[in-house]
Amino acid sequence: MKCEEIFAALELLEKERGIPQDFMMGKIIQALTAAYKKDHEGVENVIVDVNEEKKDLRMYVQKEIVEEVENPGSQISLEDARAMSAKYQLGGVVNIPVKNVEFGRIAAGNGKQVIIQGLREAEHGMIYDEWGSKEHEILTGTVHRIDPRGTVHLRIGSGSEATEGLMGSNEQVPGEELTEGQLVKVYLVEVRRTTRGPQVMVSRTHPGLVKRLFELEVPEIYDGTVEIRSIAREAGSRTKMAVWSSDENVDPIGACVGPKGQRVAAVVNELRGEKIDIIKYSDDPAEYIAAALAPADVVEVRLSDEGKLCRVIVPDDQLSLAIGKEGQNARLAARLTGYKIDIKPASYTGE
């Protein structure tokens, strides 16, 4: 591959795929220097000079000028240096040109291969940068394959900007059946760098999905008037969400529920019927914990002096409601507030 062919190929790649020429040229320079060093053991400093105007590349071996040569790969005697030019002095450096024939052979053997490899790396880098900037956002994907291990492969985006999203079985909502061709909203958890290229990891179970869905439906959340302070979720079953408003004239719960319940209904519909409890956040832990145990009524919240522990007293007939089926209500309330909650009935007479 001749030098002018390399430059022409790089220009075409930048024009058609948006890959910067300097990125690809850097890859080519790395490969050419590595190939030369491999063929010439002991050589340390190899320079490739790029002349963009003339569409030309030149390679040099740089050596230090010394009295007595101990390492021929990186040193040259003053006598040999001055045989090339009288201007050279001890301690200086000499750039010895690599013969065109040898450089041409190295370039021909590595140029095309490096461009292909560099192209792959550049495209991987572009995918990583593009989708990495969208981490923790909500995306819409199309299910195009479900492999035998249960991983769902989704096509995210459109046209040349589309990429594949992977949703592992642990990121899928229990009981939710996905089919090929189905459009589904997902949460971008992370973009991983792997030897095969970037992997876009998405989820339907992440609490962030609920948050982003409410941001889409509730203008007051989007503009910051209402804040989501905490979310506890058991995907496919139930979510508790604590909200707060910086404007005392705005009801944060009412804003999330929406007129005739339309806003919360839209989120519930997207989550295939998952129940959502919206409660008001409070800086007062006792008040916050009592609200988190809704729909159960709370008689009293006793905070412990040691750590985030509390005992909650509820009416006898509200005990099962406060605890919830299989302990779910109490479990979600604890995760929402960060407190370990011990629930007791009003008739409880123990310590």
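Note: hydrogens, waters and symmetry copies are ignored here, and every other heavy atom, side chains too, is used. Remember, predicted model here, so these are calculated numbers, not experimental data.
- Within the 4.5 Å cutoff, no side-chain heavy atoms of Leu57 are placed close to those of Ile29.
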Query - Check against side-chain hydrogen bond (donor to acceptor under 3.5 Å, both in side chains), Ser77 and Glu67 - result: CA-CA 6 Å; Ser77 68; Glu67 280 278 12; over 6 Å; no
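- Nearest heavy-atom pair, Asn329 versus Leu293, reported as atom, atom and distance to 0.1 Å: ND2-O, 3.0 Å.
- The existence of a salt bridge linking Arg233 and Glu274 is confirmed by a sub-4.0 Å separation between a basic side-chain nitrogen and an acidic carboxylate oxygen.
- Following chains of ILVMFWY side-chain contacts shorter than 4.5 Å, one can reach Val226 starting from Val257, so the two form part of one hydrophobic cluster.
- Looking at every heavy atom in both residues, Val93 comes nearest to Tyr88 through O-CE2, 3.6 Å.
- Remark: side-chain polar atoms of Arg311 are not paired, donor with acceptor, to backbone N or O of Val301 under 3.5 angstrom.
- Using a 4.5 Å cut-off between side-chain heavy atoms of Ile, Leu, Val, Met, Phe, Trp and Tyr, Leu166 falls into a hydrophobic cluster with Met201.
- Between Ile278 and Val243 the shortest side-chain heavy-atom distance falls below 4.5 Å.
- Taking OG1 of Thr179 as the start and CD of Gln182 as the end, the distance is 4.5 Å to the nearest 0.5 Å.
- Here the side chains of Ile221 and Glu227 are not in contact, with every heavy-atom distance at 4.5 Å or above.
- In terms of the ring pair (Phe, Tyr, Trp, His ring centres under 6.0 Å) criterion, residue partners of Tyr187 (sequence neighbours excluded) are, by chain and number, His206.
- Using modelled atom types, one finds no donor on one side chain facing an acceptor on the other under 3.5 Å when comparing Ser282 with Asp284.
- Seen from the ring of Tyr281, Arg229 counts as a face-on cation partner, given the 6.0 Å and 45° thresholds.
- Using a 4.5 Å heavy-atom cutoff, the side chains of Val200 and Glu164 are not in contact.
- Side chains of Lys340 and Asp342 form no contact here, defined as non-hydrogen atoms less than 4.5 Å apart.
- Side-chain N or O atoms of Glu135 include one that pairs as donor or acceptor with a backbone N or O of Val191 at under 3.5 Å.
- Residues Val184 and Leu139 share a single hydrophobic cluster, defined by chaining ILVMFWY side chains whose heavy atoms lie under 4.5 Å apart.
- Annotation for Lys280: atom NZ does not count as buried by contact number, only 12 or fewer foreign heavy atoms lying within 6.0 Å.
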Verdict with supporting geometry, Glu64 and Asn45, side-chain hydrogen bond (donor to acceptor under 3.5 Å, both in side chains)
CA-CA 10 Å; Glu64 181 185 5; Asn45 301 314; over 6 Å; no
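- Identified under the side chain to side chain donor-acceptor pair (under 3.5 Å) test for residues 317-326, with sequence neighbours left out: none.
- With respect to Asp49 and Arg58, no salt bridge is recorded, no charged nitrogen being found less than 4.0 Å from a carboxylate O.
- Between Thr33 and Met59, the shortest heavy-atom distance links the atoms N-CE, 4.3 Å.
- Side-chain atoms of Gln75 come within 3.5 Å of backbone atoms of Asn71 as a donor-acceptor pair (strictly under, hydrogens ignored).
- The shortest non-hydrogen separation linking Val94 to Ile76 is CG2-CG2, 4.2 Å.
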Can you check side-chain hydrogen bond (donor to acceptor under 3.5 Å, both in side chains) on Asp316 and Ser347, steps first, answer last?
CA-CA 7 Å; Asp316 287 31; Ser347 60; 2.6 Å; yes
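- Residue pairs meeting the ring-ring contact (aromatic ring centres under 6.0 Å, His included) criterion with at least one partner in residues 43-85, sequence neighbours excluded, do not occur; the list is empty.
- We find the CD-CD1 distance between Glu180 and Ile146 to be 6.5 Å, quoted to the nearest 0.5 Å.
- The two residues Leu336 and Tyr288 come nearest to each other via the heavy atoms O-OH, 3.2 Å.
- Between the side chain of Lys37 and the main chain of Glu44, a donor-acceptor pair closer than 3.5 Å is present.
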Between side-chain atoms of residues 167-175 and protein atoms elsewhere (two or more places apart, or another chain), which donor-acceptor pairs fall under 3.5 Å?
residue : atom : partner : partner atom : Å
Glu171  : OE1  : Ser203  : OG           : 2.5
Glu171  : OE1  : Thr205  : OG1          : 3.2
Gln172  : NE2  : Gly150  : O            : 2.8
Gln172  : NE2  : Met167  : O            : 3.0
Gln172  : NE2  : Gly168  : O            : 3.2

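- Atom CD of Glu79 has 12 or fewer neighbouring heavy atoms from other residues, nucleotides or ligands inside a 6.0 Å radius.
- The environment of CD in Glu70 is sparse: at most 12 heavy-atom neighbours from other residues, nucleotides or ligands sit within 6.0 Å.
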Run Thr225 and Asp223 through side-chain hydrogen bond (donor to acceptor under 3.5 Å, both in side chains) and show every step you take.
CA-CA 6 Å; Thr225 304; Asp223 67 21; 2.8 Å; yes
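- Cluster annotation: Val48 and Phe7 are assigned to the same hydrophobic cluster (Ile/Leu/Val/Met/Phe/Trp/Tyr, side-chain heavy-atom contacts under 4.5 Å, transitive).
- Shown are Arg263, Glu217, Met241; of these, the side-chain contact (heavy atoms from CB on, under 4.5 Å) with Cys256 is made only by Met241.
- Summarising the geometry of Ala330 relative to Ile343, their closest heavy-atom pair is CB-CD1, 3.6 Å, with the distance given to 0.1 Å.
- Sorted by first and then second residue, the pairs that involve residues 200-213 and meet salt bridge (Lys or Arg N to Asp or Glu O under 4.0 Å), not counting sequence neighbours, are Glu137-Arg212, Glu176-Arg204, Arg204-Glu270, Arg212-Glu215.
- In terms of modelled atom types and a separation under 3.5 Å, the side chain of Asn51 and the main chain of Lys55 share no donor-acceptor contact.
- In this structure, Thr140 OG1 and Arg155 CZ are separated by 14.0 Å, a value rounded to the nearest 0.5 Å.
- Classification of Lys240 and Glu234 as a salt-bridged pair fails, no side-chain N sitting under 4.0 Å from a carboxylate O.
- When side chains are defined from C-beta on, Val264 does not count as touching Val218, because their heavy atoms never get closer than 4.5 Å.
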If you apply the rule side-chain contact (heavy atoms from CB on, under 4.5 Å), what do you find for Leu303 with Lys308, and how did you get there?
CA-CA 8 Å; Leu303 299 174; Lys308 299 189 105 179; over 6 Å; no
